[in-house]
Amino acid sequence: MPEHTELEQELLAGLNGPQREAVTTTEGPLLILAGPGSGKTRVITHRIAYLVRCRGVRPWHILAVTFTNKAAREMQERLEKLVGLSEAREMYIGTFHAICARVLRAEADLLAPFGLTRSFVILDTDDQAALIKQALRDLDLDEKQYRVSLIHALISRAKNAMLSPYQMAEQARRYTEEVAARVYRRYQQLLRSNNSVDFDDLLMLTEQLWRTESEVLARYQQRWQYIHVDEFQDCNVPQYKLIRLLGRGSYERPGGSGNVCVVGDDDQMIYSWRGASAENVQAFERDFPEARIILLEQNYRSTQHILDAAQCVVRRNTARKEKRLWTALGQGEKLIYHEAYNDEAEGLYVADEILKLLARGEVAHRGEIAVMYRTNAQSRALEEQFLRANIPYKVIGSRKFYERKEVKDMLAYLRLLLNPHDDLSLQRIINVPNRKIGPKSLGELQRWAREEQLSLYDALQRSEDHPTLGRAAKNALQQFAHLLAELRSSVAELRLPELLDRVAERTGYGPELRASPEGEERWSNILELRRVAEDYAEIETSLALELFLENVALVGGADVAQTGEDGTLLHEEDQDAVTLITLHAAKGLEFPVVFIVGLDEGILPHGRSIDSPEQLEEERRLAYVGFTRAMRRLYLVRARRRSYFGDVVYTEPSRFLADIPPDLFASSPGSESRRQSSTWERGGRYESYDHDHEDYGSRRVYGGAASRPRRSVPADTTFTPSSADVSSTPAAPRFQPGDRVLHHLFGQGIVLKSELESGSEFVEVQFQGKHGKKRLSLDYARLERLP
DNA sequence: GCCGCGCCCCTTTTT
DNA sequence: GGGGCGCGGC
Ligand SMILES: Nc1ncnc2c1ncn2[C@@H]1O[C@H](COP(=O)(O)OP(=O)(O)OP(=O)(O)O)[C@@H](O)[C@H]1O
């Protein structure tokens, strides 16, 4: 078939030898171990495209698993480009948790033994904590002594090791763990009586279902015949077991296609705290002994200086296999190191530098820039400066929006409509807005519900029969019961966005917020939530509710972008923005320009990891992951003082800086920041030139250890950007006025105009229906041309 | 029953 | 810098 060869040529054209081998080895297990930027993810996407377009594999037989939502979205987008929207939509691409949620929901009939029904809800972190707290109270344990966060972490660790409460108690190595095992038991009871699951349950229950129900497993083995796992090094035990079951069946009942392609890099293993372990690679080799192993050695992402620096940091880890990694992209620019006076100045420096990059045209779009940090808390200092400098940015993985009270309240209503036995949500909103059902009435109702073995919802419906509650309380409860029943019946009548409207209006929550000026912002948040719900308007409402709530729980909603001026929330595709992201979430991504901030002892490596050699190695890998995200320019930034929980703390430079040979650094760009640049004196003493010269001499310097190899001055040459660095973008517009287009959210539309602006194409599209006219950047918007 | 104040702890990292 | 929680005043 000649088209085949042509297609094949096209797909294989952008691949090197070993990559081609990986892509065309479509049958049997495949293990790809390779360093960053070597095209592992590219192999997965091209392999999938090859399967579908050259080997005639139907797209619904394809499964691709990622670890973060962002990675799943990126892969979906890459595949849409390679195989087209309609085919890509038929594949299953998602995180383990999302896949498990989908499986469990689909197998609703078999959930009864687990104490769940189809309408189970996935609890977010806060709700999980609330249940732990409840469990502690039920067991008469002191919350001060047994901190919720600690107990929660211990329970989660046990669940990820697939231990039952009983097994956890047996294996307890300290008293706290024994107590946690008791809490675990109660916590599971509470979860189930709420008809709810936590994140760990999703994995464990699916594994259990597949392991015990062989016909069910067989169906999924039939369905997903080509399995791909990205970032395999971060698999934990239940996740690996899922892959094994799907690809090879259980020891007792072998099965599955055996077509399992896993790709990973042990130097990028950064989730061992979540149960990831290098043992999974060994397990894979044991369980799939015939696996073809392919190594990739050429890095296509970064320039040599960046790679060198990254490898110098990770090379200090013991017990790692050295991998060859080279780039043909040339030496490239040197790294830029900057030391700021404090964390505020750190943010200011980054913001300034970004403005300069844009002004000089060294970077065409803000989207080419990412700022990475170790802890989420570090984003605030950056955000403040970005707001001041009017730099649009987006914080990836920020859950802030979904943590707002009004948003949580609305979501609690929605969850209750789906799953009336969600006592947690009912408790939350029974008196929101105020309907005179205070803690006393609620407490009495709960006590009674427990006594009568009713869910809170059923108890509410029958509150007339309550023996002791007074008339006023009963009236209030009855009225609320009717309200809920009425809202529940409107699920059948309304689309999801309209359902949200009805909830807001009928509960009186909307009117209350709109009535006061203070409520205005909160009301606009509810409108924002409604906007997210609009994506589900076309789907049958009860299914839409399920999907919407699942998405909120697992994805934490859209990545939130914020404009400079007014702080309004905008969605990702709406504008060109700088990315703010944790090092963890950045794994698998790449950006032309990367800033890593907080290269301080205590931050990176994090203070909690400093005492343990294993954890310190993980910090090193984290730095490695961060460095290797950069394509052509890498900034390493730190602050000498930092506010920590309010008070000021002096920091020392990260020990990782000392691992980088000084000749890989350029000086700070520009003359005015040269004043701020810092240097190490010959004696290893650290000295700074900006602001003041107060003597902090008693503080120790540079990693604190005199024995540390000391750095000399990073060469103090002026930084000159090379013209080759300016990224090139197409000179001709892709769309013309009159073109018919399809957008994944807004549907069909007609291009009104198209213009090129600093190398990016912007189109104005008139969409059909309520979306109306929109201006989109083609750098972000996914637009398909329609014939 | 509501609200405001002050105290405490908190921070890894993600689903 | 901030969120949760308990206490005390209205
Ligand atoms: N053969 C190739 N020719 C040109 N570009 C390539 C080739 N292989 C990979 N690339 C490019 O290199 C970059 C890195 O690829 P990719 O993200 O797949 O690497 P990776 O191994 O998954 O990296 P990481 O481990 O850091 O996630 C991408 O921009 C990709 O398009």
Side-chain angles (χ1 to χ4, degrees), chain A residues 65-72 94-101 122-126 128-130 133 143-144 147-150 152-153 156 159-160 197-204 206 231 234-236 238-239 269-276 343-344 372-381 383-384 396-400 402-405 431 434-443 472-473 550-557 581-588 598 602-612 615-616 618-619 621-623 625-626 642-649:
Chain A
V65 193
T66 63
F67 279 82
T68 62
N69 302 301
K70 177 105 181 130
T95 62
F96 273 105
H97 291 85
I99 290 165
C100 290
I122 303 163
L123 296 193
D124 66 25
T125 317
D126 282 353
Q128 292 169 32
K133 203 174 278 184
E143 280 173 53
K144 295 252 159 59
R147 280 208 328 277
V148 171
S149 59
L150 175 72
H152 193 192
S156 180
K159 290 175 100 169
N160 277 312
V197 299
D198 67 10
F199 298 128
D200 303 323
D201 285 335
L202 290 170
L203 304 177
M204 291 186 66
T206 306
E231 312 285 4
D234 283 320
C235 256
N236 64 21
Q239 289 167 337
M269 196 188 74
I270 55 175
Y271 285 101
S272 58
W273 49 274
R274 203 170 74 174
D343 43 0
E344 191 188 339
M372 304 179 183
Y373 36 81
R374 176 66 235 262
T375 67
N376 286 307
Q378 287 171 264
S379 77
R380 198 178 19 85
E383 286 184 69
E384 277 169 14
I396 305 297
S398 169
R399 290 207 48 104
K400 280 218 182 67
Y402 289 92
E403 281 166 4
R404 316 205 125 201
K405 175 173 164 15
N431 202 30
N434 193 336
R435 36 178 89 85
K436 302 217 153 52
I437 305 175
K440 261 176 85 186
S441 308
L442 174 60
E550 178 182 305
N551 195 52
V552 169
L554 293 179
V555 183
I581 191 169
T582 63
L583 289 163
H584 281 90
K587 185 164 54 98
I603 302 279
L604 183 66
H606 194 272
R608 296 253 169 153
S609 302
I610 270 171
D611 301 325
S612 138
Q615 288 188 59
L616 206 51
E618 185 141 317
E619 297 289 310
R621 291 193 291 270
L622 201 49
V625 166
R642 209 169 264 290
S643 36
Y644 239 31
F645 309 134
D647 39 30
V648 176
V649 168

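Values below: all heavy atoms of this structure, side chains included; hydrogens, waters and symmetry mates excluded. First the proteins, then the strands, lettered A, B, ... as listed; each starts at 1.
With A:Glu384 contributing its side chain and A:Ala381 its backbone, the two residues share no donor-acceptor pair below 3.5 Å. With hydrogens and angles disregarded, no donor-acceptor distance shorter than 3.5 Å links the side chain of A:Asn431 to the backbone of A:Asn434. The closest donor-acceptor contact from the side chain of A:Asn236 to the backbone of A:Arg274 lies under 3.5 Å.
Listed by chain and residue number, A:Arg102 satisfy the side chain to side chain donor-acceptor pair (under 3.5 Å) test with A:Glu550 (two or more places apart in sequence, or in another chain). With sequence neighbours excluded, the residues that form a side chain to side chain donor-acceptor pair (under 3.5 Å) with A:Arg642 are A:Glu346, A:Asp600. Partners of A:His152 by side chain to side chain donor-acceptor pair (under 3.5 Å), not counting sequence neighbours, listed by chain and number: A:Gln128.
As rounded to whole Å, 15 Å separates atom P of B:dT14 from atom CG of A:Asn160. Atom P of nucleotide B:dT15 and atom CD1 of A:Ile270 are separated by 11 Å, given to the nearest angstrom. Regarding A:Lys436, its NZ atom lies at a distance of 10 Å from the C1' atom of B:dG1, rounded to whole Å. Summarising the geometry, the separation between CG on A:Asp343 and C1' on B:dT11 is reported as 14 Å, rounded to the nearest angstrom. Atom-to-atom, OH of A:Tyr373 to C1' of B:dT14 comes out at 14 Å; the value is rounded to the nearest Å. B:dT15 atom P lies 14 Å from atom NE2 of A:His152, rounded to whole Å. The CD1-C1' distance, from A:Ile122 to B:dT15, rounds to 10 Å in whole Å. B:dT14 atom P lies 16 Å from atom CE of A:Met269, rounded to whole Å.
Backbone-only engagement by A:Glu384 is indicated by non-hydrogen atom pairs under 4.0 Å involving sugar-phosphate atoms exclusively. At a threshold of 4.0 angstrom between heavy atoms, the contacts of A:Tyr271 are confined to the sugar-phosphate backbone, with no base atom among them. Among the heavy atoms of the strands lying under 4.0 Å from A:Lys440 are primed sugar atoms or P, OP1, OP2 only; no base atom is included.
With distances taken from any side-chain atom of A:His584 to the nucleotides B:dT15, B:dT11, B:dT13, the minimum falls on B:dT13.
A centroid separation of less than 6.0 Å is found between the aromatic rings of A:Phe96 and A:Phe67.
Positionally, the nearest nucleotide of DNA chain B for A:Ile437 lies more toward the 5' end than for the other of A:Ala585 and A:Ile437.
Of all heavy-atom pairs spanning A:Ser156 and A:Asp200, the tightest one is OG-OD2, 2.8 Å. Residues A:Tyr373 and A:Ser379 approach most closely at OH-CB, 3.5 Å, considering heavy atoms.
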Could you list, one pair per line, each protein nitrogen or oxygen that sits under 3.5 Å from a nitrogen or oxygen of nucleotides 2-5 of chain B, together with the distance?
| unit_1 | atom_1 | unit_2 | atom_2 | d |
| --- | --- | --- | --- | --- |
| B:dC2 | OP1 | A:Asn434 | ND2 | 3.1 |

Protein-nucleotides 8-10 of chain B N/O pairs closer than 3.5 Å?
| unit_1 | atom_1 | unit_2 | atom_2 | d |
| --- | --- | --- | --- | --- |
| B:dC10 | OP1 | A:Arg147 | NE | 3.1 |
| B:dC10 | OP1 | A:Arg147 | NH1 | 2.9 |
| B:dC10 | OP1 | A:Arg147 | NH2 | 3.3 |

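Proximity of A:Asn376 to the phosphate of B:dT14: a side-chain N or O atom is located under 4.0 Å from OP1 or OP2.
Between A:Arg621 and A:Glu618 a salt bridge is recorded (basic side-chain N to carboxylate O distance below 4.0 Å).
The closest side-chain heavy-atom distance from A:Asp343 to A:Ser643 is below 4.5 Å.
No option in A:Thr68, A:Asp234, A:Thr582 other than A:Asp234 meets the side-chain hydrogen bond (donor to acceptor under 3.5 Å, both in side chains) test with A:Lys587.
Chain A approaches DNA chain C within less than 4.0 angstrom (heavy atoms of the protein), and the contacting nucleotides run 5' to 3' from C:dG1 to C:dC5.
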